[in-house]
Q: 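Mind having a look at this structure? Questions to follow.
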Amino acid sequence: FWIGFLIVSMVRAQKTRQTILHNLETDWLDRLSSIGAPLSHYVIFMPLKNEGNRRVLFQTFRSVERLSHPRSLVTLIPIVEAEDAVTLERLPEVVSAFSKRLQVEPFIYPTDDVPVKCKATSVTTAGRRLVERVERGEFTPGPGGVKVLIIDADTILHEQDLALREWSHREEEVRAAERGLRGVILQSLTTYTANYWKVPMLPRLHNTGFVLYQLGKMQTQGDYLVLGPGTSIDLRAFQELDYFEPNRHNEDMQFRYKAVLEGYRVAPLKLPTWGQAPLTTRESWGQIARWARGAVDVKFIVRHRRMTPPS
């Protein structure tokens, strides 16, 4: 069974690889311009927690700066808890280095009255704040509206990322409407940067298998329900879904499960994002254990949503 599954996955992965290579070499912004497509204003949420590595932050900011999307339609929002002294000490230095070339609006919020301090709470709080700003006219949408992209502190985006997302959102929204669905969420391929070869052998094998699984999964017809950053969604849809579920181990994946139950499609964006792989076996297995706990939590979300359908 497992040998057959591996062979099928490798065949599917090869097809995905060919598509990804094509997407990396295509000027998607030029294609959008050729058809007169209205462009969205992308708000990139980057939740931070005890992030004192300047080099990691600098790499992420630089990848956002290099995106082939009009700079007036890209806003990076680092999200930080007011009590996070480690991140607040390092972040201003990086923000000042990019402030003249990139729209960066740090969102710092107090957590005194927040019962659960986690990434899900940070993203939800920032999402609600953004909706309020749009409604009050304090944030300017693009001709195509506002879309939210959620990344991690160490996520590196390809320069074609937003342009391909815009193209893919347009195509997938049409397909979703034909199927009677409410909308679409895009999720990109999660892979790793050069530090991958510094990782011990066993965690490296696990990470390699995870990437291979994603490549194969992208060829299936079902929803692309996998872990990782690189989730993008229309802001109004994000609001209608009531943002992330609080106090969850895998808030991003569980949000996508909730979206499917609410009538949305989760479609793959056949383009990679790069992140930092854990450098020690202890860190790697801690990450795997966290993912496993999150996968167990999913069934409780499914059960809750089915027992308490929206009125």
Q: Can you check whether Arg165's main-chain N or O pairs, donor with acceptor, with Ser168's side chain at less than 3.5 Å?
A: no
Q: Taking side chain as C-beta onward, heavy atoms only, is Lys119 less than 4.5 Å from Lys49?
A: no
Q: Let's go through Gln187 and Thr231 carefully: what are the C-alpha distance in whole Å and the side-chain angles of both, what is the deciding distance for side-chain hydrogen bond (donor to acceptor under 3.5 Å, both in side chains) to 0.1 Å, and is it a yes or a no?
A: CA-CA 5 Å; Gln187 172 63 30; Thr231 301; 2.6 Å; yes
Q: Do Leu149 and Leu157 come close enough that some side-chain heavy atom pair is under 4.5 Å?
A: yes
Q: Would you check if the side chain of Thr124 reaches a backbone N or O of Thr121 as a donor-acceptor pair within less than 3.5 Å?
A: no
Q: Can you tell whether the side chains of Glu172 and Arg265 come within less than 4.0 Å, N to carboxylate O?
A: yes
Q: Judged by atom type as modelled, is there a donor-acceptor pair below 3.5 Å linking the side chain of Ser63 to the main-chain atoms of Thr60?
A: yes
Q: If the plane angle is over 60° it's perpendicular, under 30° parallel, otherwise tilted; pick one for Phe255 and Phe244.
A: tilted
Q: Side chains of Glu240 and Arg182: closer than 4.5 Å at any heavy-atom pair?
A: yes
Q: Report yes or no: do Trp274 and Phe61 belong to one cluster of Ile/Leu/Val/Met/Phe/Trp/Tyr joined by side chain heavy-atom distances under 4.5 Å?
A: no
Q: Does the side chain of Ile44 come within less than 4.5 Å of Val64's, by heavy atoms?
A: yes
Q: Check whether any side-chain N or O of Lys258 sits under 3.5 Å from a backbone N or O of Leu241 as a donor-acceptor pair, and report yes or no.
A: yes
Q: Would you say the side chains of Thr111 and Glu83 form a donor-acceptor pair under 3.5 Å?
A: yes
Q: Does any donor atom in the side chain of Ser122 or Tyr109 lie under 3.5 Å from an acceptor atom in the other side chain?
A: yes
Q: Kindly confirm or rule out a cation-pi arrangement of Arg31 over Trp28, judged by NZ or CZ under 6.0 Å from the six-membered ring centre and within 45° of its axis?
A: yes
Q: Indicate the ring-plane relationship of His41 and Phe139, choosing parallel, tilted or perpendicular according to the 30° and 60° boundaries.
A: tilted
Q: Quick check: are there more than 12 heavy atoms from other residues, nucleotides or ligands sitting under 6.0 Å from CZ of Arg66?
A: no
Q: Is it the case that atom CD in Glu138 sees more than 12 heavy atoms from other parts of the structure closer than 6.0 Å?
A: yes
Q: Check the side chains of Glu166 and Ser40 for a donor-acceptor pair under 3.5 angstrom, ignoring hydrogens and angles.
A: yes
Q: Honestly, is Arg101 close enough over Phe98, meaning NZ or CZ under 6.0 Å from the six-membered ring centre and within 45° of the axis?
A: yes
Q: Heavy atoms, side chains only, cut-off 4.5 Å: are Asp242 and Arg128 in contact?
A: yes
Q: Between the side chains of Arg133 and Glu105, is the shortest nitrogen-to-carboxylate-oxygen separation below 4.0 Å, so that they form an ion pair?
A: yes
Q: Take Arg54 and Leu91 through the side-chain contact (heavy atoms from CB on, under 4.5 Å) test and state the conclusion after the steps.
A: CA-CA 8 Å; Arg54 178 185 178 278; Leu91 183 62; over 6 Å; no
Q: Tell me, do Arg12 and Lys15 make a side-chain contact under 4.5 Å, heavy atoms counted?
A: no
Q: State, with a plain yes or no, whether a side-chain heavy atom of Glu178 is found less than 4.5 Å away from one of Glu173.
A: no
Q: Check whether any side-chain N or O of Thr273 sits under 3.5 Å from a backbone N or O of Thr191 as a donor-acceptor pair, and report yes or no.
A: no
Q: For the residue pair Arg62 / Gln59, report whether a side-chain donor-acceptor contact shorter than 3.5 Å exists.
A: no
Q: Can you get from Leu39 to Val148 by hopping between Ile, Leu, Val, Met, Phe, Trp and Tyr side chains that sit under 4.5 Å apart?
A: yes
Q: Are the side chains of Ile79 and Leu48 in contact, using a 4.5 Å heavy-atom criterion?
A: no
